[in-house]
Amino acid sequence: MPYPLKNQPADLRESMYFPEIIRGFGDLARHFFKNLFFSRDRNPDVLARKRGGFGYSDNVTLQYPEERAPYPPGYRGLHRLVPREDGRPRCVACYMCATACPAQCIYIEAGEYADDPIEKYPVKFVIDEMRCIVCGFCVEACPKDAIRMDSGEHTPPSYERAAQIWDQKRLLRGPSVSYQYDPWLRRGSPSISPEKLEEMRARAKPFPSVATDEASQTPGFSVRALAQEARERAEAAKR
Amino acid sequence: MNRFVGMLLFFAGVVAGLIALSAGFYWVAGWLGWGFNALANAISGTPGVVSPGAISFGASVANIVTLLLVLVMTSGALLTTAERKWSAMMQNRIGANRIKVFGSALGGVPFLAADALKMLTKESVEPRGRTRLLYQLAPALAFAPVFALFAIVPVGMDLDPSQIPGLASRIASGVVQPIGLQIARLDAGLLYLFAISSLAVYGTSLAGWASNNKLALLGGVRASSQMISYEVSLGLSLVGSMIAYRSLQLNEIVVAQGQSVFGGIPAVGILLQPVGFLVFFASAFAETKRAPFDLPEGESEIVGYFIEYSGMKFGLMFLAEFVEVAVLSGILTAVFLGGWHPYLFEGWLQANLSPFWFAAVGAGAFIFKMTLMMWLQFTVRWLLPRFRFDQIQKLCWKILLPAALVNVFVTALVLLLDPSMQLLAVVGAVTIVAIAAITVAVGRAPAPEAGHGAAHVVAGH
């Protein structure tokens, strides 16, 4: 809301200057001494930091590379290829994401498993993160929930352009996911041992209806993961 | 809480350090005086003679080194760091902390070395069409007068050289003139201050003119008009103190502030001359060319009179500003804050400490007050936005100058009525109380009426 300022000549208080100067001086001095005598809260979980109360300075600064605020839950971060429990990507190389991508930053080369006559897999899955416009269409297009942007971090900076071209080796990471309708779970796969298959079937979730379903989010991975990591790092440093 | 205790200890350490530093100053002055005496004896072939002239000459040389190069130069350099860290604290930021020595930012002090290295190694670019001699001369002209100003500031009280450790067996008490932490004891005193402080404007206006740049010229013109205007109120604001303490010499003014009025209340300058203090503070601020009076270098409009200077030439002009802050804080302290009088437990300290250590405590108190004044100037600098040029001239000619004039006449009249300064103290106290009362009573801006804002939101504003 715009602050209504009346167009009128300065009143006595304003034209005298010094009462307001002295008052403002007191304000600055209060901040100065508070920040001088009290340190800021160094809680690695930056969202839980205390500020301004007795014993803490009014400082809000995050020392960025060392301290980071976790991104909110819906944040579209760096892509990842979601792995299955056996370490292979869930991706079946259907080219839906590459087709949907408005920036045309996804390059896929499909291949077939030697031991599986039906399933395809990506031989190459490359994302040019410099071309990516972070729209998230690939995540929505994917029928297998194989590509996600839930890593909770942005693309890290690099000195070379080549380092911004992420291949499958770097993209395939994070917690693995299985759904009850996954074809390799329903009919079995020659490459998965029967015991492993049973375990994967037991852990499989019902297929999510929308991408923002609870089942499609990986709890503990995206939201406070960085805070947790920072806390662990601090613990490790203490030890 | 750790930091709280740490800061308290740190401040205790700082105070102890200042006292130790002052003791060092006295010690150096005494021993260099003795060294010059020995030198004079060696030249004239008269061993064992104590010549007062040689001793006071040596003490003056020592004071030039210790006060100018150590005290003023160090405070000027530290102020560049303080500018960043103090402003950060006032604005809830952290401030410069990226240079770390063994993992600690050390309060940003290592940035001094980084700045100096950068300034010294930077290429010195000179514009085509400059006036070479004046262009080269201007940084020195801006820097030297400011430095020379500190020559009359009495940092410490007079001390008989025989009281200095190690000299008692060499110099008999009372034979030689006492040495003080003051470079030159001029009878002209404050007149020297006015003369030299007006010289500083030559540096800035010549820098603006010689760089062959319209923006620099504008800066130089602004600097000269602003500083010449404020010179008047700067001078008049100190006339009240001259009348009250009946001296032009800063050391005598400080000594006079040790008297007490109404038994016990010290006749400190800020009590006797509150208006003089305010006017001098504002005028001194304008002399330093720092915000809110930083029109000569308004970064957002004209870049300033030093726009064409680079490298250490710029550094010198930049440093001159900070040194000027330190020097004017010293003068403020001497004239209005009682100089080297510690005031707190002064009688007890005098009775229980040796004269050497009492003098050291006094000089430490002076440096402490000086630091406080520098902090005050920095706080005001971060409090107020830049004035417009007509506002600056209006403030000078319509507010500060009449206030200073009235102050001179009132002070003279009051001292005519009551030469013992008691009436003056009463008038000063009434003024202070009036200022405080106005500050408290003339309240905040009236809060907008309830419901008013909501109506605006509904109406779609």
Side-chain angles (χ1 to χ4, degrees), chain A residues 1-44 46 49-69 233-234 237-238, chain B residues 1-8 10-11 85-95 97-98 105 107 278 281-282 292 375-376 378-385 387 391 394-395 399 403 434-446 448-449 452-461:
Chain A
M1 194 193 90
Y3 183 71
L5 271 181
K6 289 181 202 116
N7 190 10
Q8 61 187 24
D11 60 12
L12 182 67
R13 176 181 58 87
E14 285 158 354
S15 54
M16 263 201 299
Y17 279 129
F18 72 86
E20 290 299 307
I21 289 180
I22 292 174
R23 199 186 300 281
F25 178 77
D27 227 28
L28 273 193
R30 190 169 50 80
H31 280 290
F32 178 84
F33 285 110
K34 194 163 191 187
N35 293 330
L36 181 67
F37 281 108
F38 297 122
S39 60
R40 66 205 181 87
D41 193 359
R42 286 173 205 273
N43 188 348
V46 293
R49 280 189 176 171
K50 288 197 237 8
R51 168 174 176 250
F54 182 77
Y56 294 103
S57 77
D58 290 336
N59 229 313
V60 285
T61 312
L62 275 187
Q63 297 278 31
Y64 169 65
E66 294 95 29
E67 306 169 355
R68 301 180 183 209
R233 261 208 307 279
K238 223 178 277 173
Chain B
M1 271 305 98
N2 284 342
R3 184 185 169 96
F4 186 71
V5 176
M7 289 313 288
L8 289 183
F10 176 73
F11 274 118
K85 290 301 271 192
W86 291 354
S87 69
M89 283 176 196
M90 287 164 202
Q91 297 170 347
N92 296 345
R93 295 183 285 111
I94 292 177
N97 67 347
R98 285 287 125 178
L278 287 178
F281 189 73
W375 179 78
L376 197 71
F378 275 64
T379 314
V380 174
R381 184 245 183 281
W382 287 100
L383 174 69
L384 293 172
F387 285 125
Q391 289 171 334
K394 206 193 271 179
L395 178 68
I399 299 174
I435 290 175
I438 289 172
T439 305
V440 174
V442 183
R444 296 162 191 282
E449 314 91 84
H452 191 69
H456 270 273
V457 170
V458 171
H461 280 281

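Predicted model, so just to flag it, every value in this text is computed and none were measured. Letters A, B, ... are given to chains in the order of the sequence lines, protein chains preceding strands, and every chain is numbered from 1.
Atoms CZ and CZ, from A:F32 and B:F378 in turn, are 11.0 Å apart once rounded to the nearest 0.5 Å. Distance check: A:D27 CG to B:T379 OG1 gives 12.0 Å after rounding to the nearest 0.5 Å. Here the straight-line distance linking atom CZ of B:R381 with atom CG of A:L28 works out to 12.0 Å at 0.5 Å rounding.
Here the closest non-hydrogen pair linking B:M7 and A:L36 is CG-O, 3.3 Å. Of all heavy-atom pairs between A:I21 and B:L383, the closest is O-CD2, 3.4 Å. Considering all non-hydrogen atoms of both residues, B:N92 and A:N59 come closest at O-OD1, 2.9 Å. Pairing each heavy atom of A:H31 with each of B:M90, the nearest pair is CB-O, 3.7 Å. Nearest heavy atoms, A:P19 versus B:I438: CG-CG2, 3.9 Å.
In this structure, the portions of B:I94 lying under 4.5 Å from any heavy atom of chain A include both its backbone and its side chain. Within the 4.5 angstrom heavy-atom criterion, only side-chain atoms of B:W375, from C-beta onward, approach chain A. Within the 4.5 angstrom heavy-atom criterion, no atom of A:R30 approaches chain B. With a 4.5 angstrom heavy-atom cutoff, B:L278 does not touch chain A via any of its atoms. Of the two parts of A:S39, the backbone and the side chain both hold a non-hydrogen atom closer than 4.5 Å to a non-hydrogen atom of chain B. Contacts between A:F33 and chain B at a heavy-atom distance below 4.5 Å involve the side chain alone, from C-beta outward. In this structure, no portion of B:F10 lies under 4.5 Å from any heavy atom of chain A.
Looking only at distances, no side-chain donor or acceptor of B:R93 sits under 3.5 Å from a matching main-chain atom of A:T61.
Among B:V5, B:I399, B:N97, the residue making the largest number of heavy-atom pairs under 4.5 Å with chain A is B:N97.
In this structure the side chain of B:R3 never reaches within 4.5 angstrom of the side chain of A:R40, judged on heavy atoms. A 4.5 Å side-chain heavy-atom check between A:F25 and B:L376 finds at least one atom pair inside the cut-off.
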> Could you walk me through whether A:F37 and B:L8 pass the side-chain contact (heavy atoms from CB on, under 4.5 Å) check?
Replying inline: CA-CA 8 Å; A:F37 281 108; B:L8 289 183; 4.0 Å; yes
